[in-house]
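Below you'll find the structure, written out as structure tokens, and then a few comments.
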Amino acid sequence: MANHEEQFKKLIAHAKEYGFIFPSSEIYDGLAAVYDYGQYGVELKNNIRQYWWKSMVQMHENIVGIDSAIFMHPTIWKASGHVDAFNDPMIDNKDSKKRYRADVLIEDYCAKIEDKINKEIEKAEKRFGDSFDREQFVTTNPRVLEYQRKITDTLHRMNAGLENNLADVKALIEELEIACPISGSRNWTDIRQFNLMFSTQIGSLSEEANTIYLRPETAQGIFVNFLNVQKTSRMKVPFGIAQTGKAFRNEIVARQFVFRMREFEQMEMQFFVRPGTEIEWFEYWKKVRMEWHQSLGIPAEKFRFHDHEKLSHYANAATDIQFEFLFGFKELEGIHSRTDFDLKQHQEFSGKKMQYFDPELNESYIPYVVETSIGLDRTCLAMLSYAYNEEVLDDGSTRVVMKLPPILAPYKIAILPLVKKDGMPEKAREIMDTLKQDFMCQYDEKDAIGRRYRRQDAIGTPFCITVDTQTLEDNTVTIRYRDSMQQDRIAISEIANVVRKNFVSLHNI
């Protein structure tokens, strides 16, 4: 665990040093849990967004995209339940004066028990070697079963308390002897609910101002445009509406770098289906979304489904796709069967019919909705976490290499003249001008070629093209592959084809 914490610190430092992610307003000592994406981070973010959009909208004839406003009519948030129910349970430690989410304190306690389970598995793996059956061990070992029972019981009691009586949640924290991570003290206040929405005023004069909210999710913009999109695109159920955009939550405890922020970006798709078919579609989108994550070449064991024990007020089925970050398995994407809750609520609060006429059934109904909602910032963090590698080379030196999937890498190609003379820079610029129409390219002529390779490794550029004296004679270049460091001689005319061959195809997802 300590090793993972150390690795996470190195990743954060690397992200800043190499222009991926900066603390926001840093020259003014920063703003807690707000970050700016630098020149490489913004390219990575754009590439992930585009890869999601293409696979979701371009590859599906029955899914279209929109971009709804951040400011929306305040009654929308009343209808959606956010005004009354979008709360986190807040608890303060009286000695450290630090504020925490009560559910996170309990979940962190359970994560420590999960660490103990993993240690038991590791010990058994060493003891039994190749004959070790992980599944059998997990389902039969008394100590592991006891740990799992403790986790299940704790989370069950926490969820029941959050729903019915916050005093029960405080009693659970006291019973588990959970201490403040800062002071080590168990001197807690009572738990109270804290609404996460940011509010502001709209209107030119303060006395006429109305309270509105920064949207805490992008989904409601899709629901209120359901009929606009359906009618103008002549869509038939089942069909989907996709959207990416900023959302805002006044998190009590924003932490773990860009994992939990107050300003973040979501990529969501709401899929409208006939009532009664929603669970079938829920299973379909679970499969499709897991395939999307794994299509980028990250090992399957880095992902897992985590079904919700406590369902939101609008859902009849919910699961998370979790990724193994450097701080453990955490939610990356949520897949929810939202029933007809949202459209029904908006119909009631707006007085406008939100029904769809189904020509095949010859009847009208409010569609059910299956949602896929993924955090763009979290996906950036997942990619950076997986990609960051420190490698010891044959000569004993170390290189830091970001092994990002080529389709997501900020820059695809670095064009490097071997030396700054003899016509090489001019030839390199000529190649650059041809390739930059189709690929993000970077030109670099400063320092020895080895140091330039290292710089490109550190930002994750998958291909380096070196122009040398031979290039001027026969129009060939050296292409260097980031991950293997292998170098091949190819024709200038072949560069684009070689690069494209390494991109992920969307046809199979």
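- Contact annotation: the side chain of Arg274 approaches that of Glu360 to within less than 4.5 Å [non-hydrogen atoms, C-beta and beyond].
- The existence of a salt bridge linking Arg451 and Asp444 is excluded, since no basic side-chain nitrogen approaches an acidic carboxylate oxygen closer than 4.0 Å.
- Atom NZ of Lys246 has more than 12 neighbouring heavy atoms from other residues, nucleotides or ligands inside a 6.0 Å radius.
- Leu376 has its side chain out of reach of Trp52: every pair of non-hydrogen atoms, C-beta onward, lies at least 4.5 Å apart.
- Counting heavy-atom neighbours within 6.0 Å of Phe305 CZ, excluding the residue itself, gives a total above 12.
- Around atom CZ of Arg489, more than 12 heavy atoms belonging to other residues, nucleotides or ligands sit under 6.0 Å away.
- At a threshold of 4.0 Å, the pair Asp457-Arg454 counts as salt-bridged, since one of the basic side-chain nitrogens sits closer than that to a carboxylate oxygen.
- Between Lys123 and Glu120, at least one side-chain N (NZ, or NE/NH1/NH2) sits under 4.0 Å from a carboxylate O, which counts as a salt bridge.
- With sequence neighbours left out, Phe271 forms a ring pair (Phe, Tyr, Trp, His ring centres under 6.0 Å) with Trp281, Trp285.
- Side-chain atoms of Phe223 and Arg338, non-hydrogen and from C-beta on, do get closer than 4.5 Å to each other.
- A pairwise comparison of heavy atoms in Asp320 and Gly334 identifies OD1-CA, 3.8 Å as the closest pair.
- Contacts of Pro405 classified as side-chain contact (heavy atoms from CB on, under 4.5 Å), with partners at least two apart in sequence or in another chain: Leu296, Met383, Leu408.
- A 4.5 Å side-chain heavy-atom check between Ile241 and Asn225 finds every atom pair outside the cut-off.
- Shown here are the salt bridge (charged side-chain N to carboxylate O under 4.0 Å, His left out) partners of Arg500, two or more places apart in sequence or in another chain: Asp438.
- For Asp395, the CG atom is densely surrounded, since the number of other residues' heavy atoms within 6.0 Å is greater than 12.
- Put simply, the side chain of Arg215 reaches to within 4.5 Å of the side chain of Ser68, judged on heavy atoms.
- With Glu390 as the fixed residue, the salt bridge (charged side-chain N to carboxylate O under 4.0 Å, His left out) test singles out one of Lys10, Lys403, Arg399: Lys10.
- The minimum heavy-atom distance linking Ala409 with Gly460 is given by the pair CB-O, 3.5 Å.
- In terms of heavy atoms, Pro410 sits closest to Tyr40 at CG-O, 3.5 Å.
- A tilted orientation is assigned to the rings of His308 and His306, their planes being inclined by 30° to 60°.
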